[in-house]
Each structure stands twice: as structure tokens, then as C-alpha cells.
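Numbered from 1 within each chain, the chains take letters A, B, ... in sequence-line order. Nothing here was measured: the structure is a model prediction, and the numbers come from that model. Keep in mind that the numbers below use all heavy atoms, side chains included, and drop hydrogens, waters and symmetry copies.
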Amino acid sequence: MTIQTYLTKQMHDALKAAFKLSIESIQIETPKDKTHGDFSTNIAMQLAKDLRRSPMQIAETLLPFIHCDARVESIEIARPGFINFTTNKRYFAEVIPTILAQGSSYGNLTIGSNEHYNIEYVSVNPTGSLHIGHARGAAAGDTLSRILKKAGFEVTREFYVNDGGNQIHQLTLSIEARYKQTFNIDCALPEDGYYGPEITRLAEHIKTTKKDTLLNHPDAYDFFRAYGVDYLLSEIKDDLARFDVTFDVFFSEASLYQTDAINQTLSLLKEKGYTYELDGALWLKTSDFGDSKDRVIIKSDQTYTYLLPDIAYHHHKVSRGYTKLIDILGGDHHGYVPRLQASIEMVVGKKGMLEVDLLQMVKVIEDGVEVKMSKRSGKALSLRDLIDSVGKDPIRYFFAMRSLNTHMDLDLDLALKQSNENPVYYAQYAHARISSLLEKAQSLSMDLSFQSLEFERLNDEKSETLITLLVEYPQVIEEAATKRIVHRIPQYINRLATALHSFYAGDPVIAMDPSNAAVRLALLKAVQIVLSDALNLIGVTAKNKM
RNA sequence: GUUUCGGUAGCUCAGUCGGAUAGAGCAACGGCCUUCUAAGCCGUCGGUCGGGGGUUCGAAUCCCUCCCGGAACGCCA
């Protein structure tokens with residue numbers, strides 16, 4: 001049981017004893033100012049109105065009824081009615097052997113033990129290279145998956161490959177045109193085609209293997225289509241792998257057409273009476289489930305809109321037995337969310353099965369001017385190029401730092417500079433410093449057994465700050481997982497790195513007497529373990545040397 | 001016009017069930033390397049939380065309204 005849970009329980013008991021109240025939601029928070037103790041509650045102020053007494057009076061009445069064990073050193077009341085708890089740091093130093101024993105399992109939770117989440121992210125059309133905008137979604141989905149796993153959820157990571165629609169047709173025509181152009185045949189790309197350099201590269205690639213045999217071949221279209229999707233998808237997979245983003249399932253939209261999946265979903269929706277015909281089209285009554293209007297699922301030319309196969313796809317996911325589906329989409333799809341959620345509610349018969357987390361667009365700045373991504377010109381900053389120039393770690397860290405719904409600016413001149421503008425180096429440096437210090441200690445034959453540690457020797461402020469942060473780690477995981485606040489992790493990393501650098505700038509551990517050194521080396525080892533684990537959650541390398 | 005995200009320090013951003021003096025990094029300024037890695041440490045400067053109303057013990061946070069910026073509003077995908 002964490003200290004917060006414990007304090008919540010003790011407060012609950014105290015309120016019962018003092019006022020015969022049973023209150024579920026008691027907030028235990030960590031004050032920013034250390035003079036306010038390590039934990040505090042505002043319950044006295046919240047009860048002021050109901051009890052018709054002043055917060056200070058309530059707190060004072062309550063105080064004798066609060067009984068805590070040795071972990072709590074003192075309990076104080078502060079104006080305007082806060083109850084502040086100061087913890088015993090020696091007790092909390094016990095976290096060190098715990099971390100040393102558990103290693104990277106420290107901070108693992110069980111809050112998701114009966115859940116199996118499916119998280120869908122990236123899901124781009126295989127019509128080109130991944131660009132910087134896709135990278136944000138990739139980083140967010142991957143990090144959220146890792147955090148949820150750490151919190152005890154079973155997680156399946158999924159990529160929906162849109163290989164069935166008109167866009168693939170446009171892609172095929174684009175490849176064909178580029179292919180012909182390699183033979184100096186004048187052939188324009190379609191208006192809605194794909195103009196990126198990767199399509200030209202793909203065409204050149206086909207030319208080297210197939211020569212001119214596809215110029216007037218009857219099966220050329222089918223070849224370009226299949227080969228193009230395959231080629232581009234495998235490039236996307238390569239880029240994601242280099243970005244340390246992985247998937248358990250790549251689900252093909254086209255496969256829905258090959259099976260009976262769409263018809264099954266369609267029959268279900270019809271059976272339940274959620275469809276009607278109008279003007280030769282088939283409509284879905286999404287407005288009955290919170291959408292602003294009904295939507296067409298089969299057009300009057302009898303082809304499907306994008307929505308129907310997407311419902312079938314989500315239906316398929318539901319049938320695989322997940323307890324929740326999470327889609328991570330770009331903010332430009334926000335208008336699509338109500339109809340999709342309405343549809344899923346129709347399929348499963350209840351609300352809340354599908355959660356959609358939106359992330360806002362990335363604005364790229366170069367030379368102080370916004371770089372507009374354009375499909376027409378094929379101008380877009382590819383993830384591949386960015387990884388080549390700055391590396392994976394700064395990009396992963398940078399994306400992880402930001403709240404999903406912030407509109408973020410990415411200044412290329414800064415990002416490419418590898419300056420300490422990017423806090424990833426600060427965090428990695430903290431880890432590297434510990435590594436080299438432990439190495440040094442070992443070379444000096446210092447005691448690294450981490451046994452018979454005298455924790456009372458960790459009574460200096462810098463050690464206590466580190467210990468408090470280590471104790472806090474499971475709470476950080478819980479908040480990040482349940483509230484989907486991915487950026488809580490880099491924030492924590494930064495605080496831990498700051499505390500470490502400050503500790504490091506103090507008295508050299510190497511020069512201390514054996515007992516003092518031994519316990520501090522153990523503390524550092526514990527910090528290293530947690531730092532490494534947290535960095536891993538956001539896909540950033542924990543370096544041993546820099 | 002409707003929907004949606006945002007507007008917090010010079011810049012990029014935290015502040016996620018309303019809490020104590022609104023924070024961090026960078027930039028700027030001043031110190032610190034014969035001592036475990038200076039990609040570091042210590043300190044200073046920096047704010048009408050877009051404007052105005054309201055709700056209450058207390059509002060950056062909740063409600064109303066207006067202003068500014070991004071995005072979406074198809075029988076496209």
C-alpha cells in the first residue's frame with residue numbers, strides 16, 4: 001500500500017470517529033513547498049460548508065483522531081485549514097533495497113490486471129513515407145502502451161492499414177506515372193495523386209527489376225498496386241522500428257473485403273434497426289447516439305463510405321475480446337469521432353467501449369517560418385531524415401514532453417542543433433554519470449554489495465530529495481496510465497535528473513568513509529534503475545557514457 | 001455559421017476531480033572546473049494566467065460572454 005492510500009485510509013477513519021462521516025474522496029496531495037510537509041489534505045476546508053464550522057476548527061477537532069504509524073513523523077495544521085503530514089525519511093529509505101531487489105519491475109502496478117486494451121495508432125495509408133506529424137502519434141501510442149503495460153494492463157498494439165480505398169487507387173496511378181516518366185514518357189500524375197520523392201524512388205526501383213516490361217502490360221496496374229503498398233508499408237515499418245515503435249498487429253483494410261466481415265457488421269446494424277434507405281443510399285442513425293446527423297454508409301452507387309469498413313474493423317476488434325479500444329487520432333479527425341463512437345455503441349450495445357484520444361498537429365518552423373506540409377508538392381519532413389540528422393532519442397523525448405492536446409511548434413533549427421535546448425541530454429547525462437560513478441567505485445574496490453546499509457546516514461537534503469522522488473514513482477505511473485497523461489513521465493524524469501545532478505554536485509561519494517559511501521552508492525544504483533525504466537517508457541535510450 | 005483544440009515569463013511549454021507565494025527548460029545576467037563526466041551546479045532577472053462578468057472560504061482551473069490563432073464540418077478517405 002502506498003503512503004497516499006494509507007493516509008487516505010487514516011483520514012477516513014478519523015473523520016468517522018470525529019464526525020461520524022464516511023467520505024470516499026479524500027484528496028492527499030504533495031505540496032510544492034516543503035515547509036508544508038510531504039503530504040497534505042484539504043478535507044477540512046471542503047467540509048467547512050456542510051459542517052458549518054471554520055476549516056481551522058474542523059482540522060483541530062480532527063487532529064486527535066488521526067492515528068498514523070512510524071512512517072509519519074508529524075502532523076500539523078496550517079491556515080486556512082490544511083492538514084500537513086511530514087514523513088520519516090529513514091523509513092522511506094527502505095525503498096532503496098526494494099528497488100535493488102525488484103529492478104525494472106519497481107513501479108509495476110496491478111491496476112489493470114483484469115483489463116485487455118487494444119490501442120490503435122499511426123494507421124497511416126501506405127501511400128508515402130512517415131512524416132513528422134505521424135511521428136507524434138507514433139510516439140504517443142507507443143509510450144501510452146508501455147505505460148499501460150507497466151500499470152498491469154494487457155495491451156495489444158495495432159496499426160490499421162488503409163489499403164482498400166480510393167487513395168490506393170490514386171497511389172497506383174501515381175506510381176504508374178512516375179514509372180513511365182523514368183522512360184521519358186510524358187505522363188502526368190493524377191490531381192489527387194502522391195507527389196512525394198519516395199514514389200519516384202519506388203518507380204526507379206521497379207524499373208531496375210522489371211525494366212520496361214510493364215509499360216504496356218495488362219497486369220501492370222495490379223502489379224503497381226500490390227508492389228507499391230508492399231514497398232511503402234515495409235518502409236513505414238522500418239521507420240517505426242528505428243523509432244522504437246512496435247506493433248503486435250497490422251490489420252489490413254483490404255482483408256475486410258476478402259472476408260464476410262463487412263456484411264456481418266452490416267447485417268447486425270440492419271437487424272437492430274439502425275439503418276434506413278434514402279435517395280438510393282443507406283444511412284446509419286448515428287444521431288440517435290450523440291452524432292450531429294445521420295451518416296451514409298452505402299452510397300447510391302452501392303459502394304461503401306469510409307465509415308462502414310471502419311465500423312466492421314472496430315467490430316472485429318471488439319469480437320477479439322478486448323475490454324476497451326483506444327484510438328489515437330490526429331486532431332483533424334475530431335469531427336469523425338462522434339459517428340464512430342455512435343457506431344461502436346450500436347454494435348456493442350453500450351457506451352464507452354471506444355475511447356478516442358486526439359493529438360493536435362505539429363507546426364514545423366524553419367528559419368523562423370512555418371513549413372507547410374503539402375501532399376500536392378510532396379513537401380513534408382520525413383521521420384527518416386529527422387532520425388538521421390538528430391537521432392531517435394531527442395525526437396521521442398520532445399514528443400513525449402508535450403501534452404497531447406497542445407498545438408506544438410517544432411523549431412527545426414533548434415531540434416537539429418543538438419543543443420542542450422533539448423532536455424533529453426540532461427536526463428541521459430544523469431544516467432551516464434551514475435554509470436560512470438559506479439564503474440569508478442568498482443575499480444576502486446568499494447563496497448557495492450548493497451548489504452548492511454545504514455540508511456540513517458542518508459540524512460542530508462539532497463539524498464532525501466532523491467528518496468522522496470523514488471517513492472513517488474509508482475504514483476507517477478498510475479496517474480500517467482489512468483489519465484493518459486504521457487508527458488507526466490518526462491516531467492518526472494526531469495525532476496529526478498535535476499535531483500541527481502544536484503546530489504552529484506555535492507560532496508564526492510568516492511571520497512566518503514565506507515559506510516557513508518556504501519549507502520549512497522546503493523541510492524545511486526536505485527536512482528539509475530528508476531531513471532532507466534522511466535526513459536524506457538518513453539522510448540529513450542539510457543546511456544552509460546556520453 | 002456550427003463543432004473542436006489552444007491563448008500562462010522574451011521563446012517552447014507544465015500546471016488533468018478548484019488550494020497555500022502561478023512553475024520548468026531555454027534565452028538574459030552573475031558566480032563555480034588541480035577533487036566521482038561543466039551536456040553540470042549555485043544564484044539573479046522575468047507574469048494584468050487573451051479581455052470582461054459571475055459562482056465561493058479560495059479561480060490559470062468551473063459557468064456566461066467577447067477577442068485572437070489552429071483544425072474539422074462530403075453519398076472523400
Side-chain angles (χ1 to χ4, degrees), chain A residues 25 27 29 31-33 35-36 40-42 45-46 48-49 54-55 78-82 84 125 127 162 164-168 170 192 253 278-283 292-293 295-307 309-310 330-338 358-361 363 365 398 401-411 414 418-430 432-441 444 479 482-485 487-488 490-491 494-495 497-498 500-512 517 521 524 545-546:
Chain A
S25 57
Q27 296 177 41
E29 36 191 46
K32 281 167 273 183
D33 187 339
T35 63
H36 296 131
S40 75
T41 179
N42 60 359
M45 285 176 285
Q46 292 193 319
K49 187 181 270 182
S54 80
R79 51 159 176 73
F82 288 100
N84 297 331
N125 307 314
T127 54
N162 291 146
N166 177 52
Q167 295 187 342
I168 298 300
Q170 297 297 328
D192 294 325
E253 179 191 359
L278 182 69
D279 301 331
L282 190 71
W283 295 70
S292 56
K293 54 178 270 197
R295 306 293 171 174
V296 169
I297 52 175
I298 300 180
K299 294 177 269 182
S300 49
D301 68 1
Q302 299 314 302
T303 61
Y304 304 142
T305 60
Y306 182 79
L307 182 59
D310 204 17
D332 54 342
H333 290 87
H334 83 266
Y336 183 70
V337 176
L358 296 174
L359 52 99
Q360 300 303 320
M361 303 284 98
K363 189 199 282 184
I365 311 285
F398 184 75
M401 276 170 71
R402 310 301 194 208
S403 154
L404 290 187
N405 52 1
T406 201
H407 301 260
M408 52 183 279
D409 285 5
L410 174 62
D411 189 325
L414 280 174
Q418 270 193 268
S419 71
N420 53 354
E421 183 93 0
N422 197 322
V424 70
Y425 302 112
Y426 184 79
Q428 288 180 316
Y429 187 46
R433 274 184 143 176
I434 298 174
S435 297
S436 92
L437 203 161
L438 290 173
E439 203 174 294
K440 179 115 182 174
L444 294 171
E479 195 189 11
T482 56
K483 295 181 183 170
R484 321 275 191 254
I485 313 179
H487 63 277
R488 198 60 89 224
Q491 284 176 353
N494 196 58
R495 284 195 293 147
T498 299
L500 183 278
H501 285 307
S502 181
F503 175 96
Y504 190 95
D507 296 332
V509 175
I510 300 292
M512 290 179 182
L521 289 170
L524 289 171
K545 276 200 169 24
M546 284 179 74

Exercise. Hey, does the side chain of A:Ser502 come within less than 4.0 Å of B:C42's phosphate (OP1/OP2), counting only N and O?
Worked result: yes
Seminar exercise, completed: Looking only at B:A38, B:U16, B:A39, the nucleotide nearest the A:Tyr504 side chain is B:A38
Seminar exercise, completed: Of B:G19, B:A14, B:C75, the nucleotide closest to the side chain of A:Glu29 is B:G19
For this session: Determine: side-chain N/O of A:His487 to OP1/OP2 of B:G15, distance under 4.0 Å, yes or no.
Result: yes
Exercise. When the P atoms of B:U35 and B:C45 are considered, how many whole Å apart are they?
Worked result: 32 Å
Problem set entry | Options B:A77, B:C13, B:C36, nucleotide nearest the side-chain atoms of A:Arg402 | B:C13
Exercise. Within the pair A:Lys363 and B:G69, is there a side-chain N or O less than 4.0 Å away from OP1 or OP2?
Worked result: no
For this session: Can you tell me, in whole Å, how much space there is between the P of B:C75 and that of B:C17?
Result: 40 Å
For this session: With syn defined as a glycosidic angle within 90° of 0 and anti as everything else, classify B:C33.
Result: syn
Seminar exercise, completed: Mate of B:U4 across any strand shown (Watson-Crick or G-U wobble, both atom pairs under 3.5 Å) is B:G70
Exercise. Hey, is the side chain of A:Ser300 pairing donor to acceptor with the base of B:C75 inside 3.5 Å?
Worked result: yes
For this session: Answer yes or no: is there a donor N or O on one side and an acceptor on the other, between the side chain of A:Glu253 and the main chain of A:Gly164, under 3.5 Å?
Result: yes
Problem set entry | Selected nucleotide, minimal atom distance to A:Tyr336 side chain, candidates B:G19, B:A77, B:G70 | B:A77
Problem set entry | Sugar-phosphate only, base, or nothing, as touched by A:Ser403 at under 4.0 Å among non-hydrogen atoms | base
Problem set entry | Closest listed nucleotide, where the reference is the side chain of A:Ala505 and the choices are B:G40, B:C41, B:G74 | B:C41
Problem set entry | N/O (side chain, A:Lys545) to phosphate O (OP1/OP2, B:A39) under 4.0 Å | no
Problem set entry | Integer angstrom distance from the P of B:A9 to that of B:G51 | 11 Å
For this session: Could you tell me whether a side-chain N or O of A:Ser502 sits under 3.5 Å from a main-chain N or O of A:Thr498, the two making a donor and an acceptor?
Result: no
Problem set entry | Pairwise C1' distance for B:A22 and B:A14, with rounding to whole Å | 11 Å
Problem set entry | Presence of A:Thr406 side-chain N/O under 4.0 Å of B:C5 phosphate oxygens OP1/OP2 | no
Problem set entry | Donor/acceptor link under 3.5 angstrom from A:His407 side chain onto base of B:C5 | yes
For this session: Please confirm whether the backbone N or O of A:Leu278 pairs with a side-chain atom of A:Trp283, one donor and one acceptor, at under 3.5 Å?
Result: yes
Problem set entry | Pairwise C1' distance for B:C32 and B:C68, with rounding to whole Å | 45 Å
Exercise. A:Lys299 has a side chain; which of B:G19, B:C76, B:A14 sits nearest to it?
Worked result: B:C76
For this session: Would you indicate which nucleotide in B:C42, B:U4, B:A77 comes nearest to any side-chain atom of A:His334?
Result: B:U4
Exercise. Say you pick atom C1' in B:C49 and the same atom in B:A59; how far apart are they, in whole Å?
Worked result: 11 Å
Exercise. If you look at every strand shown and take non-hydrogen atoms under 4.0 Å, does A:Phe398 touch a base, only sugar-phosphate, or nothing?
Worked result: nothing
Exercise. Along nucleotides 25-34 of chain B, 5' to 3', which nucleotides get a B, which get an S, and which get a -, given that the test is a protein heavy-atom distance under 4.0 Å?
Worked result: -S--------
Exercise. For B:U35, does either OP1 or OP2 sit under 4.0 Å from a side-chain N or O belonging to A:Lys440?
Worked result: no
Exercise. Side chain of A:Asn125, backbone of A:Thr127: donor and acceptor closer than 3.5 Å?
Worked result: no
Exercise. Say you pick atom P in B:U12 and the same atom in B:A27; how far apart are they, in whole Å?
Worked result: 15 Å
For this session: Determine yes or no for a side-chain-to-main-chain donor-acceptor pair under 3.5 angstrom, with A:Asn422 supplying the side chain and A:Val424 the backbone.
Result: yes
Exercise. Applying a 3.5 Å limit to both distances, which nucleotide forms a Watson-Crick or G-U wobble pair with B:C45?
Worked result: none
Exercise. Is the phosphate of B:A14, meaning OP1 or OP2, less than 4.0 Å from a side-chain N or O of A:Arg488?
Worked result: no
For this session: With the side chain of A:Gln46 defined as its heavy atoms from C-beta on, choose the nearest nucleotide among B:G19, B:C75, B:A20.
Result: B:G19
For this session: Using a heavy-atom cut-off of under 4.0 Å over every strand shown, decide if A:Thr305 touches base, sugar-phosphate, or nothing.
Result: sugar-phosphate
Exercise. Checking all strands, does A:Ala432 fall into the base, sugar-phosphate, or nothing category for heavy-atom contacts under 4.0 angstrom?
Worked result: base
Exercise. Using the P atom in both, what is the distance from B:G10 to B:A71, to the nearest Å?
Worked result: 26 Å
Seminar exercise, completed: dist A:Asp507:CG -> A:Met512:CE (nearest 0.5 Å) comes out at 5.0 Å
Exercise. For B:A60, what is the paired nucleotide under Watson-Crick or G-U wobble rules, both distances under 3.5 Å?
Worked result: none
Exercise. Looking at the side chain of A:Val296, which of B:C75, B:C17, B:A20 is the nearest nucleotide?
Worked result: B:C75
Exercise. With both distances under 3.5 Å as the test, what is the Watson-Crick or G-U wobble partner of B:A24?
Worked result: B:U12
For this session: Check for a donor-acceptor pair, side chain of A:His501 on one end and backbone N or O of A:Tyr426 on the other, with a separation under 3.5 Å.
Result: yes
Seminar exercise, completed: A:Met408 atom CE is separated from B:G69 atom C1', nearest whole Å, by 17 Å
Problem set entry | Candidates B:U16, B:C75, B:A77 - which lies nearest the side chain of A:Ile485 | B:U16
For this session: Mind checking A:Gly330 for me? I need base, sugar-phosphate or nothing, with any heavy atom below 4.0 Å counting as a touch.
Result: nothing
For this session: State the pairing partner of B:C32; accept Watson-Crick or G-U wobble contacts with both distances under 3.5 Å, and report none otherwise.
Result: B:G40
Exercise. Checking all strands, does A:Leu404 fall into the base, sugar-phosphate, or nothing category for heavy-atom contacts under 4.0 angstrom?
Worked result: nothing
Exercise. Under 3.5 Å, is there a donor-acceptor pair between the side chain of A:Thr305 and the main chain of A:Val296?
Worked result: yes
For this session: Select base, sugar-phosphate, or nothing to describe what A:Ser292 touches, counting heavy atoms under 4.0 Å on all strands.
Result: nothing
